[in-house]
J.: 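Here it is: the structure, laid out below.
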Amino acid sequence: MQGSADARHNLGCSEVRMGNSNRAVRHFLISAKMGHKDSVETIKIAFMAGLATKEQYAQALKGYQDAVEEMKSHDRDEAKRLRDGLGK
């Protein structure tokens, strides 16, 4: 459940090589929702090729954006915590 976005993306690539585009898109979608930019781009390409739906592409974009925003907030909070800790 809390696996690596890179590993999930690589699973998608393996599924593509085996000809399992539906399974590949599912792996890329999960990876995109974890903040993996290449997975979003791969789903975009799959959508343009007719291998992914518009809804899947939209989910990938939204999930990626949410993950990036969450990471930014966490990084900002962590930096503030460290800065405040050093200033005391």
J.: With the 4.5 Å side-chain cut-off for hydrophobic clustering, are Y64 and L29 part of the same group?
T.: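 In one cluster: yes.
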J.: To the nearest 0.5 Å, tell me how far L11 CG sits from D6 CG.
T.: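 It comes to 11.0 Å.
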J.: Without placing hydrogens or testing angles, list every side-chain donor-acceptor pair under 3.5 Å for residues 20-28, not counting sequence neighbours.
T.:
{"unit_1": "N20", "atom_1": "ND2", "unit_2": "E15", "atom_2": "OE1", "d": "2.7"}
{"unit_1": "R23", "atom_1": "NE", "unit_2": "E15", "atom_2": "OE2", "d": "3.4"}
{"unit_1": "H27", "atom_1": "ND1", "unit_2": "R8", "atom_2": "NH1", "d": "3.1"}

J.: Of all residues at least two apart in sequence or in a different chain, which pass the side chain to side chain donor-acceptor pair (under 3.5 Å) check with K37?
T.: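 None.
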J.: With E70, which residues qualify under side-chain contact (heavy atoms from CB on, under 4.5 Å), at least two apart?
T.: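 side-chain contact (heavy atoms from CB on, under 4.5 Å) check on E70 returns nothing, list empty.
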J.: With sequence neighbours excluded, tell me which residues meet ring-ring contact (aromatic ring centres under 6.0 Å, His included) with Y57.
T.: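 Y57: ring-ring contact (aromatic ring centres under 6.0 Å, His included) contacts with F47.
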J.: Can you name the one residue among K62, E55, Q56 that meets side chain to side chain donor-acceptor pair (under 3.5 Å) with Q59?
T.: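 It is E55, the one option of K62, E55, Q56 that forms the side chain to side chain donor-acceptor pair (under 3.5 Å) with Q59.
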J.: Group every Ile, Leu, Val, Met, Phe, Trp and Tyr by side-chain heavy-atom contacts under 4.5 Å, then state whether I43 and V68 land in the same group.
T.: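 Linked, I43 and V68 end up in one cluster.
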J.: What pairs with Q65 under side chain to side chain donor-acceptor pair (under 3.5 Å), at least two apart in sequence or on another chain?
T.: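 For Q65 there are no side chain to side chain donor-acceptor pair (under 3.5 Å) partners, ignoring immediate neighbours.
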J.: Return the set of residues passing side chain to side chain donor-acceptor pair (under 3.5 Å) with S39 (not counting sequence neighbours), or none when no residue passes.
T.: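 Partners of S39 by the side chain to side chain donor-acceptor pair (under 3.5 Å) criterion, ordered by chain and then number, come out as H9, S31, H36.
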